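Quick notes on the structure that follows.
None of the values given here were measured: they were computed from a predicted structure.
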Amino acid sequence: MPRGGGLMAPGLRPLLLLAFWMLASSARSPAEANDGGWPRYGPGAPVAVAEEERCTVERRVDLSYAEFMQHYAFSRPVILQGLTDNSRFRVLCSRERLLASFGDSVVRLSTANTYSYRKVDLPFQEYVEQMLHPQDPLSMGNDTLYFFGDNNFTEWASLFRHYSPPPFGLLGTTPAYSFGIAGAGSGVPFHWHGPGFSEVIYGRKRWFLYPPEKTPEFHPNKTTLAWLRDTYPALAPSARPLECTIQAGEVLYFPDRWWHATLNLDTSVFISTFLS
C-alpha cells in the first residue's frame, strides 16, 4: 500500500481510508449500476482493495464439455462465460427480494480465516442491515463473520431451484450448492478442498490461486485484505498466484486441491457448486 506524505501517524492512515470508504459508499444510490440494491464501492475504496486489471486466468466463451475435460478439469482454473442464463436467479437475489423472502430466517455465519471453526447464528435481516459494512483493514480473520456455505437447503430451496449451475460435472462427484453474501473487503484466506465452480451474482470477487504443489505464503488468521497489503507486493513474479477479478455473471472453475483465497471488491452475492 503506498505511503502518504506529511506527518500523519502510520496507525491513522488505515482508519482514515476506511472512514473515507464508508462515507463515499453511503452517498451512492442503492439502485445505482443495476446492483440489486447491494452497495458497490469504487473511487472511495481503500488502495489495497482497488480492482487491478491484471488477469492471469483464461476466459472462455461457450466452452464445450470435451474442451473443459481436456484442458481444465484436472489441470488449471478457467473463467466461464455464456454457459447458463441466471437472470431470473439474479432478480431473486436482489436485496429487497432476499429480505422479503428470508429476512426472518436464521443464517449461520463463519469466521473469515482458513479453518473457520467459529460459527454464529442470527437472523438474515440483522446480518444484512448490521454486518455488511466494509472490512476493517485491522481486523483478524477470526473476528470477521460472514454468510457463506452453511445454508439450510430446505429453507432456501425456493431460491436455489431457480439457479442453473454450469453444465459440467466430474465422474464420481455430486454437486452441492454454497450460497453467500459478504461485505466489501472481506474474503477467505488461502485454503483448499475439492473442485468446484463459483459464480458471482452481484458485485465483484477477486481470486488468487496456486496449484497443489505450490503452497502459498500466508497466515491462516490474517485476512486476504491484510495479505494483499502486506505480503503480495513483496512476491517475486515467479511466486505470484494466478489471479483475476470475477465479474457478475461469470463463473470460475478451480480444480481439486488448488489453493485459493478470495477478496470481495464490493458487497458480493455469490454461489458455488462444489463437486465432492
Subject >> Whichever hydrophobic residues join V61 through chains of side-chain contacts under 4.5 Å >> reply: none
Original post:
Looking at T84 and N86, what are the two nearest heavy atoms and their distance?
Top reply: OG1-ND2, 3.5 Å
Original post:
What class does the angle between the rings of F190 and Y210 fall in, given that below 30° is parallel, 30 to 60° is tilted and above 60° is perpendicular?
Top reply: tilted
**OP:** Find out whether W38 and S268 are in side-chain contact, i.e. whether some heavy atom of one side chain is under 4.5 Å from a heavy atom of the other.
**Re:** no
Original post:
Could you give the distance from CG (D62) to CD (E67), rounded to the nearest 0.5 Å?
Top reply: 10.0 Å
**OP:** Verify, without hydrogens or angle tests, whether T262 (side chain) and V188 (backbone) share a donor-acceptor contact under 3.5 angstrom.
**Re:** yes
Original post:
Backbone N or O of P137 within a donor-acceptor pair of the R229 side chain at under 3.5 Å?
Top reply: yes
**OP:** Check whether any side-chain heavy atom of Q135 sits under 4.5 Å from a side-chain heavy atom of L263, and report yes or no.
**Re:** no
Subject >> Side-chain donor-acceptor pair present, S105, E155, cut-off under 3.5 Å >> reply: yes
**OP:** Check the pair F254, H193 against ring pair (Phe, Tyr, Trp, His ring centres under 6.0 Å), reporting the backbone distance first and the verdict last.
**Re:** CA-CA 10 Å; F254 51 89; H193 44 67; 5.5 Å; yes
**OP:** Measure the spacing between CZ of F102 and OG of S158 and express it to the nearest 0.5 Å.
**Re:** 3.5 Å
Original post:
Can you tell me if T267 uses its side chain to pair, donor with acceptor, with the backbone of P39 under 3.5 Å?
Top reply: yes
Original post:
Can you name the nearest heavy-atom pair linking G194 to D256, along with the distance?
Top reply: CA-OD1, 3.3 Å
**OP:** Test side-chain contact (heavy atoms from CB on, under 4.5 Å) on D266 and D35 and set out the steps.
**Re:** CA-CA 10 Å; D266 307 299; D35 54 21; over 6 Å; no
Original post:
How long is the span from the CZ atom in R240 to the CZ atom in R54, to the nearest 0.5 Å?
Top reply: 5.0 Å
Original post:
Is there a donor-acceptor contact under 3.5 Å from the side chain of E250 to the main chain of Q247?
Top reply: yes
**OP:** Mind checking the CG-CE spacing from N221 to M140? Nearest 0.5 Å is all I need.
**Re:** 4.5 Å
Subject >> Closest non-hydrogen atom pair between P189 and A261, with its separation >> reply: C-CB, 3.8 Å
Subject >> I246/F270 under side-chain contact (heavy atoms from CB on, under 4.5 Å): CA gap, chis, key distance, verdict >> reply: CA-CA 10 Å; I246 309 303; F270 46 93; over 6 Å; no
**OP:** Return the orientation label for the W156 and F160 ring planes: parallel under 30°, perpendicular over 60°, tilted otherwise.
**Re:** parallel
**OP:** Please indicate whether E96 has more than 12 foreign heavy atoms, meaning atoms of other residues, nucleotides or ligands, lying under 6.0 Å from its CD.
**Re:** no
**OP:** Could you tell me the separation between the CZ atom of F208 and the SG atom of C244, rounded to the nearest 0.5 Å?
**Re:** 10.5 Å
Original post:
Rounded to the nearest 0.5 Å, how far does OH of Y127 lie from CG of L99?
Top reply: 12.0 Å
Subject >> Closest non-hydrogen atom pair, T223 against S139 >> reply: CG2-O, 3.5 Å
Original post:
Just by distance, do the side chain of S198 and the backbone of L252 share a donor-acceptor pair under 3.5 Å?
Top reply: no
**OP:** Could you check whether the rings of F148 and Y146 sit parallel, tilted or perpendicular, using 30° and 60° as the cut-offs?
**Re:** parallel
Original post:
Looking at side-chain heavy atoms only, is the closest gap between E129 and R95 below 4.5 Å?
Top reply: yes
**OP:** Test F218 against every option in Y232, W259, W227 by the ring pair (Phe, Tyr, Trp, His ring centres under 6.0 Å) rule and name the one that passes.
**Re:** W259
Original post:
Does L98 reach the side chain of I181, with side-chain heavy atoms less than 4.5 Å apart?
Top reply: yes
Original post:
Near R108 CZ, under 6.0 Å, is it more than 12 heavy atoms from other residues, nucleotides or ligands?
Top reply: no
Original post:
Do you know which two heavy atoms are closest between P241 and T56, and how far apart they sit?
Top reply: O-OG1, 4.0 Å
Original post:
Under the 3.5 angstrom rule, does the side chain of R257 hit a backbone N or O of W192 as a donor-acceptor pair?
Top reply: no
Original post:
Can you list the steps and then say if R206 with L228 is a side-chain contact (heavy atoms from CB on, under 4.5 Å)?
Top reply: CA-CA 11 Å; R206 192 171 171 188; L228 183 61; 3.6 Å; yes
**OP:** Check the pair N34 / R90 against side-chain contact (heavy atoms from CB on, under 4.5 Å), numbers first and verdict last.
**Re:** CA-CA 11 Å; N34 191 27; R90 177 180 167 87; 3.5 Å; yes
**OP:** Determine whether V91 and Y202 fall in the same hydrophobic cluster, where Ile, Leu, Val, Met, Phe, Trp and Tyr are linked whenever their side-chain heavy atoms lie under 4.5 Å apart.
**Re:** no
Subject >> Residues, nucleotides or ligands: over 12 heavy atoms within 6.0 Å of D121 CG >> reply: yes
Subject >> Mutual orientation of the aromatic rings belonging to F197 and Y253 [parallel < 30°, tilted 30-60°, perpendicular > 60°] >> reply: tilted
**OP:** Could you tell me whether the side chains of K119 and S110 share a donor-acceptor contact shorter than 3.5 Å?
**Re:** yes
Side-chain donor-acceptor pairs under 3.5 Å in residues 161-173, sequence neighbours left out?
from, atom 1, to, atom 2, distance (Å)
Y163, OH, E199, OE1, 2.7
T173, OG1, L170, O, 2.7

Original post:
salt bridge (charged side-chain N to carboxylate O under 4.0 Å, His left out) with D85: which residues, sequence neighbours excluded?
Top reply: none
